[in-house]
Engineer: 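Below is the structure I would like to discuss, written out as structure tokens.
Numbering of residues begins at 1 and proceeds along the displayed sequence. All values reported here derive from a predicted model rather than from experimental measurement.
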Amino acid sequence: MKANDSLTAGCANWISPLDRERLMEACRKVRHVALDMDGTIYMGATLFPFTRPFLEMLEANGIGYSFLTNNPTRSIADYLVKLERLGIKTGPDKMYTTAVAAIDYLKANMSGVRKIFALGTPSMLAEFEAAGFEIAPVETGVLPDALVVAFDTTLEYPRLCHAAWLASKGVPYIATNPDRVCPTDQPTVLVDCGSLCSAIEYATGRLPDIVIGKPNPDMLSGIRHRYGLAADEIAMCGDRIYTDVAMARNAGALGVLVLSGETTLETALASDPMPDITAKSILEFGELLLESRNSL
């Protein structure tokens with residue numbers, strides 16, 4: 001990496017707009033690392049080679065970690081199976097998805113909602129059903145209590161059209177996440193929830209009433225409350241400025257951008273404000289955490 005005059009260049013593997021003293025102090029405070037998944041710890045079905053060493057380093061130094069993902073296509077149980085298949089064994093208490101966050105939001109803020117129409121995978125719909133919601137079919141002229149739009153890899157065109165019609169009729173409308181695309185190790189573009197919402201907006205003029213996932217700072221609330229942490233004791237690591245780093249900033253946490261997924265160094269350098277730390281990967285951020293503790 002190259003750093004311009006406004007940056008502190010710590011080494012060839014990371015940059016920060018913070019001076020060294022402030023950077024070491026911020027890293028020294030970190031007691032818990034919230035990790036994005038796609039583009040951060042793996043890409044598609046491929047685990048990055050640095051992921052397991054990074055997690056082992058955290059454990060060896062008493063630093064906790066959780067997995068946060070804007071991708072609601074899998075249930076928490078499915079994610080745990082995927083992680084175990086990749087060689088990471090963990091528990092449901094360390095997982096938080098935007099599907100779970102949407103369920104929590106509906107129960108806390110829209111208690112009258114029972115019947116929903118949702119664009120989402122069967123795995124996600126089953127998670128909503130398990131939480132007590134009824135999934136409405138495509139019914140001409142019938143309005144459910146709410147519309148939920150998510151990243152849907154099983155999307156059928158008539159369902160997208162029905163979702164647009166519901167949005168046009170003023171049905172309460174929730175999106176699980178703002179991501180335009182989902183990172184992948186395959187030669188394709190995975191159209192994500194934000195792009196589906198853009199299609200609905202273009203067709204109807206309607207935006208979601210609320211977008212649940214990152215950068216909404218509520219995604220970090222569960223971690224703060226579960227572990228009794230202050231905001232600045234959490235580092236949020238992810239590969240996107242407009243979701244991961246923006247959420248960290250909104251929540252008062254340390255924002256760490258990794259260049260192993262969607263975002264390029266050029267984009268990071270051009271962003272205003274810049275991420276607190278931009279690193280090649282979580283491994284380089286781990287080295288910073290160790291350095292901050294050894295610099296006392």
Engineer: By the definition side chain to side chain contact (heavy atoms under 4.5 Å, CB included), identify the one residue from Ile282, Leu55, Ile41 that meets it with Phe50.
Structural biologist: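 Answer to the side chain to side chain contact (heavy atoms under 4.5 Å, CB included) test with Phe50 among Ile282, Leu55, Ile41: Ile282.
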Engineer: Between Ile174 and Val149, is there a side-chain heavy-atom distance shorter than 4.5 Å?
Structural biologist: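 Not touching, per the 4.5 Å side-chain cut-off.
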Engineer: Should Met43 and Leu190 be regarded as members of a common hydrophobic cluster, given that ILVMFWY residues are connected when their side-chain heavy atoms come within less than 4.5 Å of each other, either directly or indirectly?
Structural biologist: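 Hydrophobic grouping puts Met43 apart from Leu190.
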Engineer: Does some side-chain heavy atom of Asp38 sit less than 4.5 Å from a side-chain heavy atom of Thr40?
Structural biologist: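 No; the side chains remain at least 4.5 Å from each other.
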Engineer: Main chain of Pro144, side chain of Arg114: is a donor-acceptor contact present, judged purely on distance under 3.5 Å?
Structural biologist: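 Looks like no, no N/O pair under 3.5 Å.
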Engineer: Counting only N and O atoms by type, is there a donor-acceptor contact under 3.5 Å from the side chain of Arg74 to the main-chain atoms of Thr121?
Structural biologist: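 Side chain of Arg74 to backbone of Thr121: no pair is present.
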Engineer: Is it true that, when you exclude Glu21 itself, more than 12 heavy atoms of the residues, nucleotides or ligands shown sit nearer than 6.0 Å to its CD?
Structural biologist: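 Counting other residues, nucleotides and ligands, CD of Glu21 stays at 12 neighbours or fewer.
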Engineer: Which word best sums up how the rings of Phe117 and His162 line up, parallel for under 30°, tilted for 30 to 60°, or perpendicular for over 60°?
Structural biologist: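 The rings of Phe117 and His162 stand perpendicular, inter-plane angle above 60°.
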Engineer: Measuring from atom CD1 of Ile88 to atom NZ of Lys94, what distance do you get when rounded to the nearest 0.5 angstrom?
Structural biologist: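 Going from CD1 on Ile88 over to NZ on Lys94, the span is 10.5 Å.
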Engineer: If you round to the nearest 0.5 Å, how far is CG of Asp209 from CZ of Arg206?
Structural biologist: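 Rounded to the nearest 0.5 Å, the CZ-CG separation comes out at 4.5 Å.
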Engineer: Strictly distance-based, threshold 3.5 Å: is any side-chain N or O of Asp192 a donor or acceptor partner for the main-chain N or O of Gly194?
Structural biologist: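 Side chain of Asp192 to backbone of Gly194: no pair is present.
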Engineer: Distance-only, no hydrogens or angles: does the Ser260 side chain make a donor-acceptor pair with backbone N or O of Gly39 under 3.5 Å?
Structural biologist: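 At least one qualifying donor-acceptor pair exists.
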Engineer: Does any non-hydrogen side-chain atom of Leu254 lie less than 4.5 Å from one of Ile234?
Structural biologist: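 Ile234 vs Leu254: side chains apart.
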Engineer: When you group the ILVMFWY residues by side-chain heavy-atom contacts below 4.5 Å and let the links chain together, are Val211 and Leu106 in the same group?
Structural biologist: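 Different hydrophobic clusters.
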Engineer: Spell out, yes or no, whether Leu125 and Val171 are grouped together once hydrophobic residues are joined by side-chain heavy atoms under 4.5 Å, including indirect joins.
Structural biologist: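 Leu125 does not cluster with Val171.
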Engineer: Taking atom types as modelled, find out whether Thr267 and Thr264 have a side-chain donor-acceptor pair closer than 3.5 angstrom.
Structural biologist: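 Checked: Thr267/Thr264 side chains pair up, N/O donor to acceptor below 3.5 Å.
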Engineer: Please tell me if the side chains of Arg31 and Ile63 come closer than 4.5 Å, counting only heavy atoms from C-beta onward.
Structural biologist: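 No, every pair of side-chain atoms sits at 4.5 Å or beyond.
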Engineer: Without swapping roles, check the side chain of Ser16 against the backbone of Ile277 for a donor-acceptor pair under 3.5 Å.
Structural biologist: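 No.
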Engineer: Hey, what do you get for CD (Glu287) to NZ (Lys280), rounding to the nearest 0.5 Å?
Structural biologist: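 Glu287 atom CD to Lys280 atom NZ measures 10.0 Å (nearest 0.5 Å).
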Engineer: Go through Phe133 and Ile103 one step at a time and tell me if the side chain to side chain contact (heavy atoms under 4.5 Å, CB included) criterion holds.
Structural biologist: CA-CA 9 Å; Phe133 294 96; Ile103 289 168; 4.1 Å; yes
Engineer: Any side-chain heavy-atom pair from Leu23 and Arg20 closer than 4.5 angstrom?
Structural biologist: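 They are not in contact (no side-chain heavy atoms under 4.5 Å apart), so the answer is no.
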Engineer: May I ask you to check whether Tyr105 and Asn216 show a side-chain donor-acceptor distance below 3.5 Å?
Structural biologist: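 Side chains of Tyr105 and Asn216: no pair found under 3.5 Å.
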Engineer: Just by distance, do the side chain of Glu127 and the backbone of Ile76 share a donor-acceptor pair under 3.5 Å?
Structural biologist: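 Such a contact is found between Glu127 side chain and Ile76 backbone.
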Engineer: Quick check: closest heavy atoms across Ile200 and Ala167, and the distance to 0.1 Å?
Structural biologist: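 So the minimum-distance heavy-atom pair works out to CG2-CB, 3.8 Å.
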Engineer: First locate atom OG of Ser66, then atom OH of Tyr227, and finally report the distance between them rounded to the nearest 0.5 Å.
Structural biologist: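 OH of Tyr227 is found 4.0 Å from OG of Ser66.
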Engineer: Tell me whether Leu58 shares a hydrophobic cluster with Met24, the cluster being built from Ile, Leu, Val, Met, Phe, Trp, Tyr side chains joined at under 4.5 Å.
Structural biologist: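 Leu58 clusters together with Met24.
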Engineer: So which atom in Ala253 and which in Asp276 form the shortest heavy-atom distance, rounded to 0.1 Å?
Structural biologist: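 That closest heavy-atom pairing would be O-OD2, 3.9 Å.
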Engineer: Under 3.5 Å, is there a donor on one side chain and an acceptor on the other for Asp78 and Ser123?
Structural biologist: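 Per modelled atom types, Asp78 and Ser123 side chains form a pair under 3.5 Å.
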Engineer: Can you check whether Ala230's main-chain N or O pairs, donor with acceptor, with Glu233's side chain at less than 3.5 Å?
Structural biologist: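 Pair found, side chain donor or acceptor close to backbone of Ala230.
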Engineer: Flag the pair Lys214 / Met236 as yes when at least one side-chain heavy-atom distance between them is below 4.5 Å, and no otherwise.
Structural biologist: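 Yes, their side chains come closer than 4.5 Å.
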Engineer: Identify whether the distance between the nearest side-chain nitrogen and carboxylate oxygen of Glu291 and Arg28 falls below 4.0 Å.
Structural biologist: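 Salt bridge between Glu291 and Arg28, a charged N being under 4.0 Å from a carboxylate O: no.
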Engineer: Of the non-hydrogen atoms in Trp165 and Gly141, which two are nearest, and what is the gap between them?
Structural biologist: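 Where Trp165 meets Gly141 most closely, the heavy atoms are CH2-CA, 3.5 Å.
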Engineer: Looking only at the side chains, is there a donor atom on one of Ser281 and Glu284 sitting less than 3.5 Å from an acceptor on the other?
Structural biologist: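 Indeed, the side chains of Ser281 and Glu284 share at least one donor-acceptor pair under 3.5 Å.
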Engineer: Counting only N and O atoms by type, is there a donor-acceptor contact under 3.5 Å from the side chain of Asp218 to the main-chain atoms of Ser221?
Structural biologist: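 No: the side chain of Asp218 does not pair with the backbone of Ser221.
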Engineer: Closest heavy-atom contact between Met124 and Ala118?
Structural biologist: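 Looks like CE-CB, 4.2 Å.
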Engineer: If we only count heavy atoms from C-beta on, is the Thr98 to Met219 side-chain gap below 4.5 Å?
Structural biologist: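 Sidechains of Met219 and Thr98: in contact.
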Engineer: Given Asp239 and Leu259, is the side chain to side chain contact (heavy atoms under 4.5 Å, CB included) satisfied, shown in steps?
Structural biologist: CA-CA 6 Å; Asp239 67 312; Leu259 301 178; over 6 Å; no
Engineer: Which atoms form the tightest heavy-atom contact between Thr263 and Ala268, and what is the distance?
Structural biologist: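 Nearest heavy atoms, Thr263 then Ala268: CG2-N, 4.3 Å.
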Engineer: Check step by step if side chain to side chain contact (heavy atoms under 4.5 Å, CB included) holds for Thr278 and Trp14.
Structural biologist: CA-CA 5 Å; Thr278 299; Trp14 59 265; over 6 Å; no
Engineer: Is there a side-chain contact between Leu289 and Val33, using heavy atoms and a 4.5 Å cut-off?
Structural biologist: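 They are in side-chain contact.
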Engineer: Report yes or no: do Leu155 and Phe128 belong to one cluster of Ile/Leu/Val/Met/Phe/Trp/Tyr joined by side chain heavy-atom distances under 4.5 Å?
Structural biologist: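 Per the 4.5 Å side-chain linkage, Leu155 and Phe128 are not co-clustered.
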Engineer: Looking only at heavy atoms, what is the nearest atom pair of Tyr65 and Leu35, with distance?
Structural biologist: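 Looks like CB-CD1, 4.3 Å.
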Engineer: Say you draw a straight line from CG of Asn71 to CE of Met37; how long is it, rounded to the nearest 0.5 Å?
Structural biologist: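 Going from the CG atom of Asn71 to the CE atom of Met37 covers 8.5 Å.
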Engineer: Ile212 vs Asn177, test: side chain to side chain contact (heavy atoms under 4.5 Å, CB included). Steps then yes/no.
Structural biologist: CA-CA 6 Å; Ile212 298 294; Asn177 57 293; over 6 Å; no
Engineer: OH/Tyr173 to CG/Leu166 distance, rounded to the nearest 0.5 angstrom?
Structural biologist: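 These two atoms lie 10.5 Å from each other.
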Engineer: Has the side chain of Asn250 got a donor or acceptor atom that lies under 3.5 Å from a matching backbone atom of Pro215?
Structural biologist: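 Present.
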Engineer: So, the side chain of Asp145 versus the backbone of Val113: is there a donor-acceptor pair under 3.5 Å, distance only?
Structural biologist: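 Flag not set: sc Asp145 to bb Val113 has no pair under 3.5 Å.
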